[in-house]
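Below is one structure, written out as structure tokens; the observations come after it.
Proteins come first, then strands; the chains are lettered A, B, ... in the order of their sequence lines, and each starts at number 1. Just so you know, these numbers come straight off a predicted model, no measurement behind them.
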Amino acid sequence: MPELPEVEIVRRGLEPALQGKVFARVEQHRPDLRFPLPEDFTARLRGRKVERLQRRGKYLLAHLSGGEVLLMHLGMTGRFTVHGGRLPPTIKDNDGPVRATHDHVVFHMQGGGSVTYNDPRRFGFMMLIAEQGLDEHPLLHHLGIEPLGKALTPEYLAQHARGKKVSLKPFLADQRIVAGLGNIYACEALYRARLSPTRAAATIAGKTGKPNERAAALVPAVRSVLEDAIRAGGSSLRDYRHADGELGTFQHAFCVYDREGESCLRKGCGGTVRRIVQSGRSTFYCPKCQR
DNA sequence: ACTGTACCCTGTAGGC
DNA sequence: TGCCTACAGGGTACAG
């Protein structure tokens, strides 16, 4: 679920609860999420301090004292919730532990705050990896550039699109090219750039990989949609919430996503938003003004 | 090397 | 009400 803006909002929400704080106790309520949780997970976190909370693409990285990094991914339905003060310890009664369904991990920090990880579908995961050589870790090394940094240029996109037959939308959502764009923001960025999601990626570049006007249009489209979404606190569709439980509001600013059959919002266009399936996922676009 | 499909898992919405 | 299907913002493994 969460794409770059949502993960960034979560990061900002978790920062005051985790950064500079020490794990007092960690509850683990099942052995695995998408992957097995780390060996001796709770023991290895206890006593460690979170030096820094970083985002890379859709990943969260908590740099810990002692040279390890807690790598976290929210999958589709992962959610962190910060509890101020003390969370009552898990109570047992005749029916077993009393806690919310799908609360899988709880971080209790020294000083009283705690953070709960809830994930119904369990597509998310947590790993403990060495800080040294972090960028070469198998889960991170293939990641493309950060779209909000200086590296996102028409030249970069064109260079990677050169010769590619894949459609523009799956190209944009490919984490190896740009890290952090997912289904929603790829659709919305293409709408802003007035580009059809079905056009071949190669058509944003010349034969030599030189960017054309389409590549030039994509850069501000991608950047602005992500910035606007972060400003709005992300998009809340089904599961997504901020770490404090608040909802993002960017879903109200969608121009095409989940608007099948509704009219295009571009002034004077008069087209109708269409839904197609690409790479097994829904794509929404206006066939009239996106070419 | 690419490209598309199936799959992981649970919850929800809609048709009948 | 219940049953069934399709679908959901993630990524990966595999077949062709």
Side-chain angles (χ1 to χ4, degrees), chain A residues 1-11 29-37 55-60 71-80 100-104 117-127 137-144 147 160-191 197-202 222 225-226 229-230 232-242 247-261 275-284:
Chain A
M1 84 115 210
E3 305 183 27
L4 187 152
E6 291 74 34
V7 178
E8 177 58 24
I9 293 296
V10 169
R11 190 196 69 77
H29 296 295
R30 54 174 301 127
D32 56 358
L33 297 170
R34 174 183 183 133
F35 305 122
L37 284 157
R55 180 191 56 74
R56 175 79 174 94
K58 301 172 193 172
Y59 289 89
L60 283 169
L71 179 71
M72 298 170 279
H73 195 289
L74 302 174
M76 297 270 261
T77 53
R79 187 148 106 195
F80 282 105
T101 317
H102 308 307
D103 279 356
H104 305 308
Y117 181 71
N118 181 287
D119 188 354
R121 288 174 78 179
R122 302 200 305 276
F123 285 174
F125 56 86
M126 298 186 191
M127 309 189 75
H137 188 276
L139 287 168
L140 301 177
H141 89 275
H142 68 275
L143 286 183
H160 286 265
R162 173 158 71 136
K164 291 239 170 79
K165 279 188 285 194
V166 67
S167 302
L168 203 44
K169 190 257 187 158
F171 170 80
L172 265 192
D174 186 339
Q175 302 303 294
R176 294 169 300 182
I177 314 293
V178 178
L181 281 180
N183 207 36
I184 291 178
Y185 295 106
C187 289
E188 293 296 320
L190 286 169
Y191 171 82
T198 63
R199 114 188 335 278
V222 166
V225 78
L226 295 176
I230 290 172
S235 309
S236 296
L237 294 186
R238 294 158 189 86
D239 311 282
Y240 176 72
R241 278 172 185 269
H242 297 186
L247 298 167
T249 61
F250 193 70
Q251 65 278 13
H252 304 303
F254 289 165
C255 292
V256 284
Y257 188 81
D258 212 15
R259 294 195 64 245
E260 182 182 18
R275 171 183 174 271
I276 58 172
V277 175
Q278 293 181 295
S279 308
R281 296 210 152 92
S282 292
T283 295
F284 298 88

Task: Nearest-0.5 Å distance, OG1 of residue Thr283(A) to OH of residue Tyr257(A) - done: 9.5 Å

Task: side chain to side chain contact (heavy atoms under 4.5 Å, CB included) partners for Arg34(A), two or more places apart - done: Phe125(A)

Task: Whole-Å P distance, dT5(B) and dC7(C) - done: 14 Å

- [ ] Can you tell me the pairing partner of dG10(C) across any strand shown, Watson-Crick or G-U wobble, with both distances under 3.5 angstrom?
- [x] dC8(B)

TODO: With rounding to the nearest 0.5 Å, note down the distance linking CZ in Arg162(A) to NZ in Lys164(A).
DONE: 10.5 Å

TODO: Would you classify Arg275(A) as touching base, sugar-phosphate or nothing, given that sugar-phosphate means primed atoms plus P, OP1 and OP2, and contacts are heavy atoms under 4.0 Å?
DONE: sugar-phosphate

TODO: With the side chain counted from C-beta on, respond yes when Val10(A) and Pro2(A) share a heavy-atom pair under 4.5 Å apart, and no when they do not.
DONE: no

Open item on the list: What's the closest nucleotide to the side chain of Ser279(A) if the choices are dC9(B), dT5(B), dC2(B)?
Closed with: dT5(B)

TODO: Establish, from distance only, whether the side-chain atoms of Glu6(A) and Tyr185(A) form a donor-acceptor pair under 3.5 Å.
DONE: yes

- [ ] Take atom CZ of Arg176(A) and atom P of dC2(B), then tell me their distance rounded to the nearest Å.
- [x] 8 Å

TODO: Scan nucleotides 11-16 of chain C nucleotide by nucleotide, 5' to 3', and note B when protein non-hydrogen atoms come under 4.0 Å of the base, S if they reach only the sugar-phosphate, - if neither.
DONE: BS----

- [ ] Take atom CZ of Phe171(A) and atom P of dT3(B), then tell me their distance rounded to the nearest Å.
- [x] 11 Å

TODO: Could you check Ser167(A) against Pro120(A) and say which one's nearest nucleotide on DNA chain B is further toward the 5' end?
DONE: Ser167(A)

- [ ] Could you state the atom-to-atom distance from CG of Leu4(A) to P of dG10(C) in whole Å?
- [x] 11 Å

Open item on the list: With a 4.0 Å cutoff (strictly under), does any side-chain N or O of Arg122(A) reach OP1 or OP2 of dT10(B)?
Closed with: yes

Open item on the list: Taking the P atom in each of dT10(B) and dT1(C), what is the distance between them to the nearest angstrom?
Closed with: 25 Å

Open item on the list: Stacking between dC9(B) and Phe123(A), yes or no? Criterion: centroid separation under 5.5 angstrom, plane angle under 30 degrees.
Closed with: no

Open item on the list: Tell me whether the side-chain N/O atoms of Thr77(A) come closer than 4.0 Å to OP1 or OP2 in dT10(B).
Closed with: no

Task: Closest nucleotide among dG10(C), dA8(C), dT3(B) to the Tyr257(A) side chain - done: dA8(C)

Task: Side-chain donor or acceptor of Gln175(A) paired with backbone N/O of Gly180(A) under 3.5 Å - done: yes

Open item on the list: Counting C-beta onward and ignoring hydrogens, is there a side-chain heavy-atom pair between Thr77(A) and Arg79(A) closer than 4.5 Å?
Closed with: no

TODO: Round to a whole Å and report the spacing from CZ of Arg121(A) to P of dT10(B).
DONE: 10 Å

Task: Nucleotide dG9(C), atom C1' - distance to CZ of Arg241(A) in whole Å - done: 16 Å

